[in-house]
Amino acid sequence: MSITKDEEIIRKGYKEYPKIFVPKESSLSLIEELSSGSVANGRPSVRQMELEDAFNDGATFLDTYFKLHDVPRIEVLEDGEKKIRHIEDVSPYELPLFPVETDNIFCGSLIENIPEDKNSRIAFWGINLCGTVTEQTTVSWVHELTHTQLDSLKGVVGEFYNAEVLSMVMGNIVASILDRDEHMLRLNDSRRIYEMLVIGQELSHSHKGKLNKSRDESLVDSQYFVSDIKAYKLFLDYYYGSSEIKREILGDIQRVFDYEMTLEHMLGKYEVTADIEIDRKRLVKYFNR
């Protein structure tokens, strides 16, 4: 049985009943400017590859910079005529992959079992990814594996609108490391700025009554819009930062994975907010590099 986003937020332990985010017109103007930049209008090619190679690239990145904790996997076991749900802690690398028939190479989602009791653990059935394996598969897989590290620790992320931030940052970091010419990073940048433009406009139109969207749809839109903005603030700190700053950010991500600090504490440390205009100069430079 499906549940509302507000019920999901409660069960996941986020701050309850968040207000729908309404972007400022000046923020939308900046995003429109960025969407006309050279990065957003580039057409980088993407090569196909073997699934094993794509996963090896992702695992090499994660094992080099992080130590992932085990996560609860849920599966159905047969005991005679009975079917029993079994939950066991496993390496996140052991979560099953479910290929999705789609032309969207960015397709990816973590399939979660969200219990009715908000004090019970969230477990994972597996990961959906685009059935066509490309270089993007590595980025998408790292994105979803990051979710396993956070969603399995209730309380480490306090705000629903922050739930995508680290996954987006991790996707950009691995994309920046995969190749020296940054074609994968540029591809993901192009996708994200288009996402921000479309979602931002829809949130604005919905607020003005020009577009009829449900609360569930607006909550998801708000989450992706806010997470995109915050993710780029944090990623640009990494991208333009010194080797020392890069190590510090990677170390703080590990501390969030270890629940030694909350994500909100980390975002506060780097002065990350949903005000995109604060980073105007760096964003214009980045999206026109």
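Every heavy atom of this structure was used, including side-chain atoms; hydrogens, water molecules and symmetry mates were not. If you're wondering where the values come from, they're calculated on a predicted model, not measured in any experiment. Positions are given from 1, in the same order as the sequence printed here.
- Glu217 places a side-chain N or O within donor-acceptor distance of the main-chain N or O of Ser214, the cut-off being under 3.5 Å.
- A donor-acceptor pair under 3.5 Å links the side-chain atoms of Lys154 to the main chain of Ser120, judged by distance alone.
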Residues Thr102, Cys130; criterion side-chain contact (heavy atoms from CB on, under 4.5 Å); working and verdict: CA-CA 6 Å; Thr102 176; Cys130 177; 4.0 Å; yes
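- A cation-pi arrangement is not found for Arg282 relative to Tyr286, the charged atom failing to lie both closer than 6.0 Å to the ring centre and inside a 45° cone about the ring normal.
- If you take CG on Asn113 and CD1 on Ile122, they are separated by 9.0 Å, rounding to the nearest 0.5 Å.
- Connection of Phe106 to Val46 is established within a shared hydrophobic cluster, with ILVMFWY side chains joined at heavy-atom distances below 4.5 Å, either directly or through further cluster members.
- No side-chain N or O of Gln223 forms a donor-acceptor pair with one of Ser227 less than 3.5 Å apart.
- Alongside Ile114, the hydrophobic cluster contains no other residue (criterion: ILVMFWY side chains under 4.5 Å).
- Formation of a donor-acceptor pair under 3.5 Å by the Asp221 side chain with backbone atoms of Leu203 is not found in this model.
- Note: the hydrophobic cluster containing Leu145 also contains Met49 (ILVMFWY, side chain heavy atoms under 4.5 Å, direct or indirect links).
- Neither Val22 nor Met196 shares a network with the other; the hydrophobic side chains, linked directly or stepwise wherever heavy atoms of I, L, V, M, F, W or Y lie under 4.5 Å apart, form separate groups for each.
- The line from CD1 of Ile199 to OG of Ser222 is 9.0 Å long, rounded to the nearest 0.5 Å.
- For an aromatic pair to be called close, the ring centres must be under 6.0 Å apart, and Trp141 with Phe61 fails this.
- Side-chain contact between Leu219 and Pro18 is present, with at least one heavy-atom pair separated by less than 4.5 Å.
- The shortest side-chain heavy-atom distance between Ser218 and Ile20 falls under the 4.5 Å cut-off.
- Side-chain contact annotation: Glu25 with Ser204, donor-acceptor N/O pair under 3.5 Å present.
- Other cluster members for Ile87: Ile74, Val76, Phe98, Ile111, Trp125, joined by side-chain heavy-atom distances under 4.5 Å among Ile, Leu, Val, Met, Phe, Trp and Tyr.
- Remark: Glu75 engages Arg73 in a salt bridge, criterion side-chain N to carboxylate O under 4.0 Å.
- Once rounded to the nearest 0.5 Å, the distance linking CG of Leu28 with CD of Glu33 reads 13.0 Å.
- Glu159 pairs by the side-chain hydrogen bond (donor to acceptor under 3.5 Å, both in side chains) definition with nothing, not counting sequence neighbours.
- Under 3.5 Å, the side chains of His183 and Glu135 contain a donor-acceptor pair of N or O atoms.
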Criterion side-chain hydrogen bond (donor to acceptor under 3.5 Å, both in side chains) on Asn172 and Tyr238, from CA distance to verdict: CA-CA 10 Å; Asn172 272 8; Tyr238 172 89; over 6 Å; no
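- Without hydrogens or angle criteria, Ser190 side chain to Leu187 main chain gives no donor-acceptor distance under 3.5 Å.
- Between Asp258 and Arg255 there is no salt bridge, since no side-chain nitrogen of the basic residue lies less than 4.0 Å from a carboxylate oxygen of the acidic one.
- The backbone N or O of Ile173 sits less than 3.5 Å from a side-chain atom of Ser176, completing a donor-acceptor pair.
- Judged by the 6.0 Å and 45° rule, Lys230 forms no cation-pi pair with Phe225.
- Looking at Thr262 and Val157, their side chains never come closer than 4.5 Å, going by heavy atoms from C-beta outward.
- Following chains of ILVMFWY side-chain contacts shorter than 4.5 Å, one cannot reach Tyr161 starting from Ile278, and the two form parts of different hydrophobic clusters.
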CA sep, side-chain torsions, deciding dist, call: Tyr232, Asp189, side-chain hydrogen bond (donor to acceptor under 3.5 Å, both in side chains): CA-CA 9 Å; Tyr232 269 103; Asp189 289 335; 2.6 Å; yes
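- Judged by distance alone, the side chain of Asp228 and the main-chain N or O of Glu195 form no donor-acceptor pair under 3.5 Å.
- Not counting sequence neighbours, Lys83 has no partner by the side-chain hydrogen bond (donor to acceptor under 3.5 Å, both in side chains) test.
- A salt bridge links Glu248 to Lys269: one of the charged nitrogens lies within less than 4.0 Å of a carboxylate oxygen.
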Trace of the side-chain contact (heavy atoms from CB on, under 4.5 Å) decision for Ile229 with Thr273: CA-CA 8 Å; Ile229 290 173; Thr273 71; over 6 Å; no
Verdict with reasoning, Arg289 to Glu182, per salt bridge (charged side-chain N to carboxylate O under 4.0 Å, His left out): CA-CA 11 Å; Arg289 69 191 190 279; Glu182 295 190 353; 2.9 Å; yes
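- In this model, no donor atom of one side chain and acceptor atom of the other lie less than 3.5 Å apart for Asn162 and Tyr14.
- For Glu277, the side-chain hydrogen bond (donor to acceptor under 3.5 Å, both in side chains) partners two or more places apart in sequence, or in a different chain, are Lys24, Ser26, Ser27.
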Salt bridge (charged side-chain N to carboxylate O under 4.0 Å, His left out) assessment of Arg121 paired with Asp89: CA-CA 11 Å; Arg121 302 173 75 195; Asp89 285 346; 2.8 Å; yes
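- In this structure, the side chain of Ser152 does not engage the main chain of Val71 through any donor-acceptor pair within 3.5 Å.
- Using a 4.0 Å cut-off between a side-chain N of Lys or Arg and a carboxylate O of Asp or Glu, Lys82 and Glu78 do not qualify as a salt bridge.
- Considering only heavy atoms from C-beta on, Glu16 comes within 4.5 Å of Lys118 through its side chain.
- Side-chain contact of Ser109 with Asn128: a donor-acceptor pair under 3.5 Å is present, judged by distance alone.
- Under the 4.5 Å side-chain contact rule for hydrophobic residues, Tyr240 and Val169 share a cluster.
- Taking CD from Glu264 and NZ from Lys15, the interatomic distance works out to 10.0 Å, rounded to the nearest 0.5 Å.
- A 4.5 Å side-chain heavy-atom check between Thr134 and Thr132 finds at least one atom pair inside the cut-off.
- The shortest side-chain heavy-atom distance between Ile177 and Thr64 does not fall under the 4.5 Å cut-off.
- Using a 4.5 Å heavy-atom threshold, the side chains of Asp70 and Val90 count as separate.
- Using a 4.0 Å cut-off between charged side-chain N and carboxylate O, Lys5 and Glu8 make a salt bridge.
- Summarising the geometry, atom CG belonging to Leu234 is positioned 4.5 Å from atom CE belonging to Met266; distances are rounded to the nearest 0.5 Å.
- The CD atom of Gln149 sits 12.0 Å away from the CD1 atom of Ile253 when rounded to the nearest 0.5 Å.
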Salt bridge (charged side-chain N to carboxylate O under 4.0 Å, His left out) between Glu164 and Arg192, worked out: CA-CA 12 Å; Glu164 292 287 336; Arg192 289 296 177 195; 5.7 Å; no
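- Connectivity analysis of hydrophobic side chains (ILVMFWY, heavy atoms under 4.5 Å, direct or indirect) links Val198 to Tyr194.
- A heavy-atom distance below 4.5 Å is not found between the side chains of Pro92 and Glu144.
- A donor-acceptor pair under 3.5 Å is absent between the side-chain atoms of Tyr65 and the main chain of Gln254, judged by distance alone.
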